[in-house]
Amino acid sequence: MSEKDLFQGTLLAWIGLAPIIALVLLKIAAPYGRHGKGKVGPRIPARLGWFLMELPALVVFPVLAAIRGDLGSPVLILLLAMWVLHYGNRAVVYPWRLRAGSPMPVVILLSGMTFNVINGTFLGLGLSLFDSPRGLEWFADPRPWLGLALFLGGFAMNLNADAILRGLRKAGQGGYSIPRAGFYRFVSCPNYLGEIVEWTGWAIVAWSLPGLAFAVWTVANLLPRALTHHQWYRRTFPDYPAQRKAILPFLL
Ligand SMILES: NC(=O)c1ccc[n+]([C@@H]2O[C@H](COP(=O)([O-])OP(=O)(O)OC[C@H]3O[C@@H](n4cnc5c(N)ncnc54)[C@H](OP(=O)(O)O)[C@@H]3O)[C@@H](O)[C@H]2O)c1
């Protein structure tokens with residue numbers, strides 16, 4: 001078996017694990033934020049937790065791509081630029097701007113870091129060694145442009161949704177209220193919807209198995225959590241807007 005076959009077999013197994021984890025997450029919500037109030041061991045401040053958890057994502061894929069990849073490839077450069085745009089926000093700007101997020105359980109920090117290292121490694125090795133991005137001619141095809149548009153649209157939706165949630169709390173205060181602005185008129189979790197649209201777009205630009213794996217895992221993490229958040233909102237607020245869906249406007 002060649003190294004490439006081994007890599008692709010491992011990556012397929014990783015993709016196969018995603019729906020199983022999604023089913024588990026439907027039953028047991030990842031214990032952080034509003035779903036992390038029970039006994040989940042030690043916690044660290046939310047800002048530090050988000051920074052440490054997302055740092056490996058910001059670093060691992062770009063470093064592997066820089067060491068092993070063809071940095072003359074405009075497609076790889078575009079993928080890296082999109083990546084750093086998202087994870088520069090998630091690892092640095094998002095934690096810095098957080099108002100009063102619930103302290104993060106260390107178990108969530110460690111599992112998030114592990115997840116980010118695994119995905120960054122698959123992407124870094126995949127997109128630099130085994131499944132290099134296409135050449136400049138790829139831009140003559142509509143797919144990378146569609147992917148880029150989805151990525152930017154999803155990023156904007158995610159940023160806007162995160163900002164609306166931030167605006168619901170005064171500095172230093174906790175507690176939850178019903179978000180009513182922007183895409184929250186349609187769904188309970190436009191932050192997750194935006195993130196899923198983003199990584200679907202990124203996977204279309206990459207058009208490769210590692211990119212698909214990352215998009216699949218994003219859905220596996222965020223779709224169950226959106227459904228759980230939605231049920232929580234309905235249970236918690238009797239006046240929760242009845243027509244609002246969990247994550248897909250008018251559908252789900
Ligand atoms: N790619 C991935 O796999 C992945 C996984 C997880 C998260 N993310 C992204 O990371 C970001 C944060 O995710 P998250 O799961 O922490 O989102 P979240 O549960 O919606 O919470 C985001 C922040 O807003 C606060 N908040 C949420 N709902 C609120 C309400 N109704 N009233 C007042 N404050 C509220 C939360 O406080 P508390 O902390 O106190 O609840 C937290 O500080 C999102 O943009 C998400 O897309 C990505």
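Order of listing sets the numbers, starting from 1, for every ligand and every atom in it.
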**Prompt:** Mind checking whether F214 and W83 have ring centres under 6.0 Å apart?
**Reply:** yes
**Matching residue for L165 among P179, C189, P190 - test: side-chain contact (heavy atoms from CB on, under 4.5 Å)** = P179
**Request:** Check whether V197 and L222 end up in the same hydrophobic cluster, where Ile, Leu, Val, Met, Phe, Trp and Tyr are linked by side-chain heavy atoms less than 4.5 Å apart.
**Result:** yes
**Asked** Among the clusters formed by ILVMFWY side chains lying less than 4.5 Å apart, do L25 and I15 turn up in the same one?
**Response** yes
**Prompt:** Got a donor-acceptor contact below 3.5 angstrom from the R99 side chain to the R169 backbone?
**Reply:** yes
**Residue N158 vicinity, atoms of ligand 1 by number, heavy atom under 4.0 Å** = 45 (O), 47 (O)
**Request:** Consider only side-chain heavy atoms of I, L, V, M, F, W and Y, link residues closer than 4.5 Å, and tell whether L127 and L212 are in one cluster.
**Result:** no
**Request:** Give the residue, atom name and distance (to 0.1 Å) of the protein heavy atom nearest atom 15 (O) of ligand 1.
**Result:** Y192 OH, 2.5 Å
**Message:** Would you say V59 ends up clustered with L125 if hydrophobic residues are merged whenever their side chains have heavy atoms under 4.5 Å apart, either directly or through other cluster members?
**Reply:** no
**Prompt:** Within less than 4.0 angstrom of ligand 1, does H229 place any heavy atom?
**Reply:** yes
**Message:** Any nitrogen or oxygen of W50 lying under 3.5 Å from a nitrogen or oxygen in ligand 1? Just yes or no.
**Reply:** no
**Complete:** So the atoms of ligand 1 within less than 4.0 Å of a heavy atom of L98 turn out to be 43 (O)
**Enumerated ligand 1 atoms positioned under 4.0 Å from heavy atoms of S102** = 38 (P), 39 (O), 40 (O), 41 (O)
**Request:** Check whether the ring centres of F151 and H86 lie less than 6.0 Å apart, and answer yes or no.
**Result:** no
**NZ or CZ of R235 within 45° of Y233 ring axis and under 6.0 Å** = no
**Message:** Give me the residue, atom name and distance of the protein heavy atom closest to atom 37 (O) of ligand 1.
**Reply:** R169 NH1, 3.0 Å
**Item:** Cation-pi check, R90 onto Y94 ring (under 6.0 Å, within 45° of axis)
**Value:** yes
**Request:** Looking only at protein heavy atoms, identify the closest one to atom 20 (O) of ligand 1 and say how far it is in Å.
**Result:** N191 ND2, 3.0 Å
**Request:** State if W199 counts as touching ligand 1 under the rule of any non-hydrogen atom under 4.0 Å.
**Result:** no
**Message:** At under 4.0 Å between heavy atoms, is it the side chain or the backbone of R34 that contacts ligand 1, or both, or neither?
**Reply:** both
**Message:** Is the positively charged end of R134 above the ring of F139, judged by distance under 6.0 angstrom from the centroid and angle within 45° of the axis?
**Reply:** no
**Fill in**
Honestly, for R90 the part within reach of ligand 1 (heavy atoms, under 4.0 Å) is side chain
**Presence of salt bridge, R234 and D239, under 4.0 angstrom** = no
**Asked** Given L222, L165, I164, which one has a non-hydrogen atom that is nearest to atom 24 (O) of ligand 1?
**Response** L165
**Item:** atom 47 (O) of ligand 1 [closest protein heavy-atom partner, distance rounded to 0.1 Å]
**Value:** E195 OE1, 2.8 Å
**Prompt:** Should S177 be counted as touching ligand 1, given the test is an N or O pair under 3.5 Å?
**Reply:** yes
**Request:** Can you sort out which atoms of ligand 1 are near N221, meaning under 4.0 Å from one of its heavy atoms?
**Result:** 3 (O)
**Item:** Test of ring centre spacing under 6.0 Å for W207 and W202
**Value:** no
**Message:** Is G174 close enough to touch ligand 1? Criterion: a residue heavy atom under 4.0 Å from a ligand atom.
**Reply:** no
**Request:** Identify, by atom number and element, the atoms of ligand 1 in contact range of R225, meaning under 4.0 Å from any of its heavy atoms.
**Result:** 15 (O)
**Message:** Please check whether D162 reaches ligand 1 - meaning an N/O of the residue sits under 3.5 Å from an N/O of the ligand, judged on distance alone.
**Reply:** yes
**Message:** Tell me the contacting part of I178 for ligand 1: side chain, backbone, both, or neither, using a 4.0 Å heavy-atom threshold, strictly below.
**Reply:** neither
**Asked** Any N/O of T218 closer than 3.5 Å to an N/O of ligand 1?
**Response** no
**Prompt:** Should you measure from each heavy atom of G175, which atoms of ligand 1 turn up under 4.0 Å away?
**Reply:** 33 (C)
**Prompt:** Is it true that Y32 lies under 4.0 Å from ligand 1, counting heavy atoms only?
**Reply:** yes
**Winner among Y176, Y94, W232 once heavy atoms are compared against atom 41 (O) of ligand 1** = Y176
**Asked** For the ring pair W217 and W14, is the centre-to-centre distance below 6.0 Å?
**Response** yes
**Message:** If the contact criterion is a heavy-atom separation under 4.0 Å, does R99 count as touching ligand 1?
**Reply:** no
